[in-house]
Amino acid sequence: MSRKLPRSFYDRPTLEVARNLLGSFITFRTKQTSLSARIVEVEAYIGQDDPACHAARGLTKRNQVMFDQPGFSYIYFIYGMYHCFNIVTEREGFPAAVLLRAAEPIDGIESMRKRSPKGKVEQILSGPGKFCRSFGLTQDHSGMDLTGNTLYLTSGKGKPGRIVTTTRIGIKTGTELSYRFYLAESEAVSGTK
DNA sequence: TGAATGATGCGCT
DNA sequence: GCGCATCATTCAT
């Protein structure tokens, strides 16, 4: 049985949270469906000293939730058509989050398919934009409490597998930091064939 | 099979 | 205006 991850899980150093998120499950319940997936790839964005972190230039209306309590969602709109889903970490006042980059579909695959009709099913959540599109998450879902009953995470079962650490993808600054983590055995990791 | 590029809108300088 | 934590398509090898 997997248990819902409590607030204390997120209230820790971001790199630790990021690594521990691999192999855990995310569930999103709506009136129609219940979607769930196993997390296989994440990136950390940590504080005002991390140049790639949205909070690097201080608090704004958009990144507000990163400064608030851990265990909440931070979702932003990018490139005119995609969304990225983040999990806020660390104590209130310290802005940090983990970007969910890829996951393996578990439940509600039919619904994901409707939103992402093309490509292999295993890769339907393979990338931060694809994950949000397939789950139907938008900036309207930013600031949600992840310890609630609508959008929440549960612990993984057993050992997740071998974890690979690399630098982050798709950014221009902070490229020297090894803040990306993924499960070596997964077919759903982004940026691979 | 890999590199280049266009789509498209919002937040911030 | 510019740039962006992306992705699908196009074009070249």
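The figures that follow rest on heavy atoms only: side chains count, while hydrogens, waters and symmetry mates do not. Below, chains carry the letters A, B, ... as their sequence lines are ordered, and counting in each starts from 1.
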Given Watson-Crick or G-U pairs with both distances under 3.5 Å, what dot-bracket string fits DNA chain C, with | for other-strand pairs and [ ] for crossing?
||||.|||||||.
Beyond-backbone contact of A:L177 with A:T175, side-chain heavy atoms, under 4.5 angstrom
no
Consider only side-chain N and O atoms of A:S186 and A:E41, and report whether a donor and an acceptor are under 3.5 Å apart.
no
Ignoring backbone atoms, test whether A:K172 places a side-chain nitrogen or oxygen under 4.0 Å from the OP1 or OP2 oxygen of C:dC4.
yes
Does A:K118 put a side-chain nitrogen or oxygen below 4.0 Å from OP1 or OP2 of C:dT9?
yes
Does a donor on one side chain sit under 3.5 Å from an acceptor on the other, for A:T150 and A:R29?
no
When you match A:F77 and A:N63 each to their closest nucleotide on DNA chain B, which lands nearer the 5' end?
A:F77
Quote, to the nearest angstrom, the P distance that separates C:dA5 from B:dA3.
22 Å
Hey, does A:S190 reach any base, or is it just sugar-phosphate, or nothing, if we go heavy atoms under 4.0 Å?
nothing
How are the rings of A:H141 and A:F28 set to each other: parallel, tilted or perpendicular (split at 30° and 60°)?
perpendicular
Below the 4.0 Å mark, does C:dC4 have OP1 or OP2 next to a side-chain nitrogen or oxygen of A:R62?
no
Distance to the ring centre below 6.0 angstrom and angle to the axis at most 45 degrees; does that hold for A:K157 and A:F25?
yes
Out of C:dC7, C:dA5, B:dC10, minimum distance to the side chain of A:K130 belongs to C:dC7
Is any side-chain nitrogen or oxygen of A:R133 closer than 4.0 Å to OP1 or OP2 of C:dT6?
no
On a plain distance test, is the side chain of A:Y79 in donor-acceptor contact with the base of B:dA7 below 3.5 Å?
no
Output the single nucleotide from B:dC10, C:dA5, C:dC7 whose closest atom is nearest the side chain of A:Y82.
C:dC7
A:K61 near the nucleic acid: base, sugar-phosphate alone, or nothing, with a heavy-atom cut-off under 4.0 Å?
nothing
Does some side-chain heavy atom of A:E16 sit less than 4.5 Å from a side-chain heavy atom of A:L21?
no
Of all the choices, B:dC12, B:dG9, C:dA5, which nucleotide is nearest to the side chain of A:Y74 once you look at every atom?
C:dA5
Judged by modelled atom types alone, do A:S116 and A:R133 share a side-chain donor-acceptor pair under 3.5 Å?
yes
Please work out if A:G80 contacts a base, only the sugar-phosphate, or nothing of the nucleic acid, heavy-atom cut-off 4.0 Å.
base
